[in-house]
Amino acid sequence: MADEVARLLDDFDPGSWRIVPGTPWYVAVPSTGRTGRPWRLHLSAAPHSALTILQVVVPLLAQRALPFAFAPTVEHVRHLGSQTCAASEFGIFLSTSPEDGDDAHLLDLARHLYTATRGLPGPRIPQARPYRIGGIVHISDGDGDVDLTTARAASATVVACEVSERRPYLRLGAERPPLHVDRADDHDRSRSPILLHGRYLVTSALRVTTTGGVYLATDLAAEPRSTDVVLKHARAHTDVDADGTDARARLLREVHTLHHLARRVPVPRPLKAFANAGDLFVVCESRPATPLRQWVQQHAGSEGGVPAPAALLVARRLMSLLASVHRAGYVLRDLDPSHIVVGADGWPTLITVSDAVPTGHVAPSRGAREYRAPEVHDPDTPVPATPVQDLFGLGALLFLLATGNDPVLPDDDGHEHRPMRERLAPWLGLVARYSDTARLFAPAIMTLLADDPAERGDLPSASQLLSAARTTPPSPPPVHHPSVDALLADGLEYLIATMRPDEDRLWPTSEPGRRTDPRSVHHGAAGVLSVLLQARARIPPERTPLGLDAAARKAASWLADRCEDGQPLLPGLYDGLAGTAWVLADAAVALDEPQLRAHAERVALRLPTSWPVPGIAHGLAGAALAHLHLAGVSRAGAGEYRGGDGRFLERAAQCARSLRDAAVPGSCGPTWPVPTGIRSRLAGTCHYGFAHGVAGIGYALLCLGTALKDEACLTLAAEAGSALCRAASSDDDGAAWWPVGPHDSTRRSHWCDGSSGIGTFLLRLFAVTGEQRFAEYARAAAGAVHRARWTASPVVCHGLAGDGEFLLDAAAWLADPTYRAWAEDLVPLLAVRHCRRRGRVLLPDESLRSHGADYGVGLSGVVSYLLRLRHGGARAFLLDSLLVDESLEAVPEPAVPW
């Protein structure tokens, strides 16, 4: 299709356009034009309609000399409409925007594109607004104002469609109003319960993808009273096969399968089907039950996985369920736990059989790779369905029961590919050191996960393996994993090798990071540069990776240049430009390049000192800390401080006043809610955690009060700490947990919004005030963090690296080597998730399926933690030298030599 675009442009004006390749879109630019970003108008396409759309749209855009981005092949179009496509890219076949960005011109262009493409098929783009229902033209929600969360101009990005699994305000596409509906009520519509077909009230989500989902709903019109139902949803023109079959056709096929299986297998019986704006919905009966993955989370013990008695019972019942499917003449081929629920009686039930086919049938297979046999992964070479294919998925379900984790790992390079069984064995062996369930299940799991179908045996033999393990407990599988030094060396080599100074982002990022500021700490260059500077300072010269100094200098130069481009500056230490100023100031000293300090000061002096988002990650508390950092205040002795740039101290004082004024009394103490009327995904929320809430703001107030000798800030910081102590809940073993906030009772354990981040603040508050209750709650937070280690991802924001940083803090600030040992416990759990890429061992990002350089949710943040664990040093992006003598920042030596 790229050749067709080139032909159409040459027919209009030969030689005046250039086409720039990219991934996944190419960009067509007139010789006198710019790239055209930010894109405001998006068109979708089905694979069979893409060429026709180009033929009617390209001349229209060429006539107006408007640059545009487009998917260059039918294969790209098919991917953009599939389950595997990232939510931020889903459905976007072609994007453009009027050159001046004027709304009147935007609507005029949308009208002409809608008229030209009327009747042509394409999926709805969930992260944009349809110009008219039924059309393929969509308009970005961005209208030129600034998104306070992503730290980008809203018009420069595509906002992902988020679906909550806990709240009943799901956006099901068809319920989202088109552009001509009054925008003023859109926020209320998105937060209100969804009623479909005049009777089905959606209450929660069991499974959500860009191509549809499975929901729990209440049938308000059922007789004699309201009844709970399962609602299956398939979006129009999505997941289109080469033969034209889309998600709706597959859902109809699943209905036929359910009707057949319902006579012999516990599956929901289909009751009704209806269409809504082209999408297909199927209503099925429902029984009270818990999704299997959620059931595992609820029953998991402190040693990882579900305790053996309950796990064995469910495992045998899963085998019985699978046997009944096979006796009915079907093969499931996809045993994703989101397809299974567990009833109050403990019996599992299938709620989705979307991939099931009669035994011997040949058809492409879809779904989660980790719960499907390797032989069915390639949709282009389908194989006959056989019962042994389901045994692989059964082995993956047993792994979930035994460890509490999905068996998800990033892919190795092709020439370094290792079978899944080989890669999961160290992980299973690690858990088996502590867990009876993992030891009992290990023989069956290792047999069922064989790549060769002939090695998997059958259901009776799998059952015998479980029985034999109960009578003669086996030895756990061996545990082999890369060392800390290997992970550090390869991680740093990767960061150095993957710099891209000529591109818009200096390092490759995870999918959510593509929508964020490329200069920030969390997803951008500032976070990675900070880690390079840490490595440069801490690693002995004889072990310094080749090119580290040059990479740090190049990254600092790139970052400084991008800070002068006039883009809106938003506060926030992690997702805003406050963190960028912080890192540039550090680089100026570390690299002896004074001009970087000038860049840092210009950025910081342009940051606001009053802002509606109060938190550290995105808002004002982060800006306050950056101002203190640039002011250069440090502790000289007991109660004495040195340094202090008056410009930044005054701005820090303004931030302090704004933070004090924003405090709102709560049931436990002061909180800092985010206002409801602002453009941010945090709008209307109130958090306790470090990234967005009370803990992080409390820490900023503690530093402000100490540096500025502001008693009001110190008092408010202490009140924030007291509020957090009141909000805590404790287990029988003394571990302390916190809800996300006053209005969200979900318990979390990580830095972003849980025990790790809250403990981070309480440790510092104890050091300044001497109040023992803060120390005791920090100890209890450490207990929760250590207990939750089994199911944590590797990253800083909400994973093992951030948790490990807190445990190192606790070891130093409480002078207790126990917490150092706990921090070391996290290293094997990180290491067993590694993949092999180009001769390096690399750890995954928060998706667990890929890797990126991001500090908050990727590799560089993990490297920062390992650097501190291996070589010591203070924790990044904190001002602890303000609070205590520098000697207290040292981390105790490891209990055993590395």
query = Just how far is it from atom CZ of R840 to atom SG of C835, taken to the nearest 0.5 Å?
reply = 11.0 Å
query = So which pairs with a foot in residues 529-541 pass salt bridge (Lys or Arg N to Asp or Glu O under 4.0 Å), sequence neighbours left out?
reply = R536-D549
task = State whether E370 and R849 are salt-bridged, where the test is any N-O pair (Lys NZ or Arg NE/NH1/NH2 against Asp/Glu carboxylate O) under 4.0 Å.
result = yes
Closest non-hydrogen atom pair between A588 and R597, with its separation = CB-N, 3.4 Å
ask   = Is there a side-chain contact between E805 and T760 (heavy atoms, below 4.5 Å)?
value = no
message = Do Y699 and L765 have side chains that approach each other closer than 4.5 Å (heavy atoms only, starting at C-beta)?
response = no
query = Do D825 and H786 have a side chain donor and acceptor closer than 3.5 Å?
reply = yes
query = Do L506 and P518 have side-chain heavy atoms sitting under 4.5 Å apart?
reply = no
query = What pairs with R500 under side-chain hydrogen bond (donor to acceptor under 3.5 Å, both in side chains), at least two apart in sequence or on another chain?
reply = none
key: Qualifying residues under salt bridge (Lys or Arg N to Asp or Glu O under 4.0 Å), relative to E455, sequence neighbours excluded   = R421
task = Please lay out, stage by stage, how R870 and D485 fare under the test salt bridge (charged side-chain N to carboxylate O under 4.0 Å, His left out).
result = CA-CA 8 Å; R870 183 70 174 85; D485 285 336; 2.9 Å; yes
query = Do D412 and R838 meet the salt-bridge criterion of a basic N to acidic O distance under 4.0 Å?
reply = no
query = With side chains defined as the heavy atoms from C-beta onward, is the minimum distance between P794 and P844 less than 4.5 Å?
reply = yes
inquiry  = Can you classify the ring geometry of F690 versus W751 as parallel (below 30°), tilted (30 to 60°) or perpendicular (above 60°)?
reply    = tilted
key: H834 side chain to A831 backbone, donor-acceptor under 3.5 Å   = yes
request  = Quick one: closest heavy-atom pair of L424 and P407, and the distance?
outcome  = CD1-CB, 3.6 Å
message = Looking at D490 and R837, is any side-chain nitrogen of the basic one under 4.0 Å from a carboxylate oxygen of the acidic one?
response = no
inquiry  = Apply side chain to side chain contact (heavy atoms under 4.5 Å, CB included) to residues L859 and L843 and explain how you reach the verdict.
reply    = CA-CA 6 Å; L859 181 61; L843 297 175; 4.3 Å; yes
request  = First locate atom CG of L763, then atom OH of Y777, and finally report the distance between them rounded to the nearest 0.5 Å.
outcome  = 15.0 Å
task = Indicate yes or no for a side-chain donor-acceptor contact from S864 to the backbone of S860 under 3.5 Å, with no hydrogens or angles considered.
result = no
inquiry  = Please find the pair of heavy atoms, one from W427 and one from D406, that lie closest to each other, and give the distance.
reply    = CH2-O, 3.8 Å
query = Given S530 and V521, is the side chain to side chain contact (heavy atoms under 4.5 Å, CB included) satisfied, shown in steps?
reply = CA-CA 8 Å; S530 174; V521 168; over 6 Å; no
inquiry  = Would you say the ring centers of F877 and Y574 fall short of 6.0 Å from each other?
reply    = yes
ask   = Roughly how far, to the nearest 0.5 Å, is CZ of F399 from CG of N405?
value = 6.0 Å
Heavy-atom donor-acceptor pair, R764 side chain to D880 backbone, under 3.5 Å = no
ask   = Is there a donor-acceptor pair under 3.5 Å between the side chain of T447 and the backbone N or O of P443?
value = yes
task = May I ask you to test the R439-R433 pair for a side-chain heavy-atom distance under 4.5 Å?
result = no
ask   = Counting only N and O atoms by type, is there a donor-acceptor contact under 3.5 Å from the side chain of E416 to the main-chain atoms of G839?
value = yes
Pairwise distance CG(L883) to CG(L878) - rounded to 0.5 angstrom = 9.0 Å
ask   = Are D517 and H523 close enough that a side-chain donor and a side-chain acceptor fall under 3.5 Å?
value = no
ask   = Looking at residues at least two apart in the chain, or sitting in another chain, which of them share a side-chain hydrogen bond (donor to acceptor under 3.5 Å, both in side chains) with S850?
value = D845, S847
query = Does a side-chain heavy-atom distance below 4.5 Å link D586 with H629?
reply = yes
R836 bridged to D413 by N-O distance under 4.0 Å = no
request  = Please check if the side chain of T516 supplies one atom and the backbone of G513 the other of a donor-acceptor pair under 3.5 Å.
outcome  = yes
For W507, ring pair (Phe, Tyr, Trp, His ring centres under 6.0 Å) partners two or more places apart = none
Criterion side chain to side chain contact (heavy atoms under 4.5 Å, CB included) on V857 and D854, from CA distance to verdict = CA-CA 6 Å; V857 294; D854 311 40; 3.9 Å; yes
request  = Mark yes or no: R748 above the aromatic ring of W738, with NZ or CZ under 6.0 Å from the six-membered ring centre and no more than 45 degrees from the axis.
outcome  = no
task = Mind running ring-ring contact (aromatic ring centres under 6.0 Å, His included) on H692 and H687 for me, showing each step along the way?
result = CA-CA 6 Å; H692 311 299; H687 289 250; 5.3 Å; yes
Non-hydrogen atoms of L591 and A556 that approach each other most closely = CD1-CB, 4.0 Å
query = What's the spacing between R562 CZ and L577 CG if we round to 0.5 Å?
reply = 13.5 Å
query = Could R747 and D731 be called an ion pair, given the rule that one side-chain N must be under 4.0 Å from one carboxylate O?
reply = yes
task = Please report the shortest heavy-atom distance between A801 and V862, naming the atom on each side.
result = CB-CA, 3.9 Å
Residues forming a ring pair (Phe, Tyr, Trp, His ring centres under 6.0 Å) with W790, sequence neighbours excluded = Y434
ask   = Is any side-chain heavy atom of Y819 less than 4.5 Å from a side-chain heavy atom of D816?
value = yes
request  = Take L800 and R789 through the side chain to side chain contact (heavy atoms under 4.5 Å, CB included) test and state the conclusion after the steps.
outcome  = CA-CA 7 Å; L800 294 170; R789 69 194 184 280; 4.1 Å; yes
T437 side-chain N/O to A402 backbone N/O, donor-acceptor pair under 3.5 Å = no
Least distance between heavy atoms, A823 atom then Y865 atom = O-OH, 2.7 Å
ask   = Roughly how far, to the nearest 0.5 Å, is the CZ atom of R423 from the CZ atom of R833?
value = 11.5 Å
inquiry  = Does any part of the side chain of L814, heavy atoms only, come nearer than 4.5 Å to the side chain of F766, both counted from C-beta?
reply    = yes
query = Would you say the side-chain atoms of H377 pair up with the backbone N or O of R372, donor to acceptor, closer than 3.5 Å?
reply = yes
